[in-house]
Amino acid sequence: MAGKPKLYYFNGRGRMESIRWLLAAAGVEFEEVFLETREQYEKLLQGGSLMFQQVPMVEIDGMKMVQTKAILSYIAAKYNLYGKDLKERALIDMYVGGTDDLMMLILVFPFLSAEDKEKQLAVIVQRATSRYFPVYEKVLKDHGQNFLVGNNFSWADIHLLEAILMVEEKKSDVLSGFPQLQAFKKRISSIPTIKKFLEPGSQRKPVPDDKYVETVRRVLRMYYDIKAN
Amino acid sequence: MSGKPRLTYLNGRGRMEPVRWLLAAAGVEFEENFLETREQYQKLIQDGVLMFQQVPLVEIDGMKMVQTRAILSYIAGKYNLYGKDLKERALIDMYVEGIADLMQMILMFPFSPPEAKDKNLDSIKERATTRYFPVFEKVLKQHGQDFLVGNKFSWADVQLLEAILAVEEKVPAVLSGFPQLQAFKIKMSNMPTIKKFLQPGSPKKPPPDDCYVEKVFKIFK
């Protein structure tokens, strides 16, 4: 019954990318079904596979899971990346909430109007360097450990690395004021499963391009620009 | 060391309301610290009390917790409202996240420009009746149990009741096509801790009014 997890999404990052990261970091192989056409999406809808008519959807352990946070929490707990008790889980949840808010700013970016893109880029860099990165810099400095929570590799570390790399794609020197995060980035990138995921040929998806945006708009019939916050 | 949980937020629903609901449903008394001025908020930031410079903030068990979802998950876990195993937790998480998407539309509604309000109200009604409520109607019909998950009261039930009541405030007859949800609403409302929370004088906050909206703009600019 249990085969590999099967991910249903577009052939691109979007909301599924954090799930790919987490599975890969946990050393779990997975399959992917890419949505290319509206018909495919409607077939999924009609088949009743999408609880709230949305993707991401991940078939795992006999469940058709939806809602990115629910999926990530399940995977983190299943593969022991969620801390050792309720309080460590609370810390991980808080940290991941922050990196998620930061990554959301980047997720909507390709769907903004050209004018809003410029403004949003400034917001991303400002939030990263004054609201989010300083928190994790301080956490690492204060306890001097290799990982964010409980001296143990967790979902929080994976999510932070993903966020760092995404912001760096927009501003390559964004870590210049953050020595702890620079060291953290090197350390976590060297973990074997993550190193493998960062190599060409892995299931990590590239920065969204026009083709990706066009596919999403076509499949979801989303022909309007998202408003920047 | 640990007294009652202490909630810091505006005197209104916003993102703190689900936390009030969950604590109340769990029978946990809590204190509230209301933000009235921008200066109060800036002082909290200067004191380093808000991890990401945002509220909600809940001081609980020696932690200064932020991020609504993290807070709710902690409370649910602590008070046994999170299912009996990973799979039940997964179901609860899916249901709660779906409902949160619906609640987000209601949360943003008071801040939409006047010309968009009718359209947004229609969207809320449409999403509630075609995307969210049918799911829970079906879940309840299929297993015939009182509660959404594992035949036991959980965070999912509290969240769904909160959402039903919030939508009903905007669309009064919204449950007319949903007999299971109508029965669910009555059953949940009669649970002692929830019944108490639904009575006047409880920490439950009223729907946001213009005064509340103004305060949000003033404090958070």
Side-chain angles (χ1 to χ4, degrees), chain A residues 15 45 48 50-54 56-58 60-80 82-83 85-102 126-128 130-136 138-139 142 149 155-156 227 229, chain B residues 15 45 48 50-54 56-58 60-80 82-83 85-102 108 111-113 116 126-128 130-136 138-139 156:
Chain A
R15 292 183 186 283
L45 284 175
L50 307 179
M51 185 182 283
F52 302 114
Q53 302 152 22
Q54 296 164 315
M57 192 269 277
V58 174
I60 184 168
D61 297 339
M63 299 182 285
K64 288 180 165 48
M65 286 199 74
V66 298
Q67 291 292 334
T68 313
K69 278 274 168 67
I71 296 165
L72 289 166
S73 292
Y74 180 78
I75 296 167
K78 181 177 177 181
Y79 295 101
N80 294 310
Y82 218 165
D85 57 27
L86 259 193
K87 281 202 169 182
E88 284 195 354
R89 212 165 87 198
L91 264 181
I92 290 168
D93 278 341
M94 281 193 273
Y95 294 160
V96 157
T99 40
D100 195 55
D101 285 347
L102 177 55
Q126 192 260 348
R127 290 275 167 91
S130 66
R131 180 176 286 192
Y132 296 108
F133 288 173
V135 173
Y136 307 106
K138 181 168 195 278
V139 166
D142 282 352
V149 178
W155 174 21
K227 296 251 183 306
N229 283 32
Chain B
R15 294 190 184 284
I45 294 178
L50 304 178
M51 186 182 282
F52 302 114
Q53 300 150 24
Q54 297 165 314
L57 165 70
V58 174
I60 184 169
D61 297 338
M63 298 182 287
K64 289 178 169 41
M65 287 200 74
V66 297
Q67 292 288 328
T68 314
R69 207 192 177 281
I71 295 164
L72 290 166
S73 291
Y74 180 76
I75 295 167
K78 181 176 178 181
Y79 294 101
N80 294 310
Y82 219 163
D85 57 26
L86 259 193
K87 283 205 169 181
E88 285 194 353
R89 211 164 87 197
L91 263 181
I92 290 168
D93 277 342
M94 281 191 273
Y95 295 163
V96 153
E97 288 294 303
I99 296 165
D101 285 347
L102 176 60
M108 297 308 297
F111 302 95
S112 40
E126 202 242 334
R127 283 285 160 86
T130 65
R131 180 174 285 192
Y132 296 108
F133 288 174
V135 173
F136 304 109
K138 186 174 183 215
V139 165

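Labels below follow one simple rule: chain letters A, B, ... track the order of the sequence lines, proteins then strands, and each chain is numbered from 1.
Looking at V96(B) and K69(A), their side chains never come closer than 4.5 Å, going by heavy atoms from C-beta outward. In this structure, I60(A) and I75(A) have side chains that are in contact, with non-hydrogen atoms separated by less than 4.5 Å. Counting heavy atoms from C-beta outward, L91(B) and V139(B) have side chains that stay 4.5 Å or more apart.
For a residue to count as touching a neighbouring chain, one of its non-hydrogen atoms must lie under 4.5 Å from one of that chain's; by this rule V66(A) touches chain B with backbone and side chain alike. For R89(A), the part sitting under 4.5 Å from any heavy atom of chain B is the side chain, from C-beta outward, and nothing else. Only the side chain of Q67(B) has a heavy atom closer than 4.5 Å to any heavy atom of chain A. Residue V135(B) touches chain A through its side chain alone, counting heavy-atom pairs closer than 4.5 Å. With a 4.5 Å cut-off on non-hydrogen atoms, T68(B) does not touch chain A at all. The parts of M94(A) that come within reach of chain B are both its backbone and its side chain, each placing non-hydrogen atoms under 4.5 angstrom from that chain. Contact of T68(A) with chain B is not made at all, since no heavy-atom distance falls under 4.5 Å. If you measure heavy-atom distances from D100(A) to chain B, you find no contacts under 4.5 Å at all. In this structure, the portions of K78(A) lying under 4.5 Å from any heavy atom of chain B include both its backbone and its side chain. Interface remark: K78(B) contributes backbone and side-chain atoms alike to the contact with chain A (heavy atom separation under 4.5 Å).
Your options are M65(A), K138(A), R127(A), and the one with the most heavy-atom pairs under 4.5 Å with chain B is M65(A).
Under a cut-off of 6.0 angstrom, the local environment of CZ in R131(B) is crowded, with over 12 non-hydrogen atoms contributed by other residues, nucleotides or ligands.
Using a 30° and 60° split on the angle between ring planes, Y95(B) and F136(B) fall in the perpendicular class, above 60°. Between F52(B) and Y132(A), the angle of the ring planes lies from 30° to 60°, which puts this pair in the tilted group. Between Y95(A) and Y136(A), the ring planes lie perpendicular to each other; the angle is over 60°, past the 30° to 60° tilted range.
Between D93(A) and A70(B), the shortest heavy-atom distance links the atoms CB-CB, 3.4 Å.
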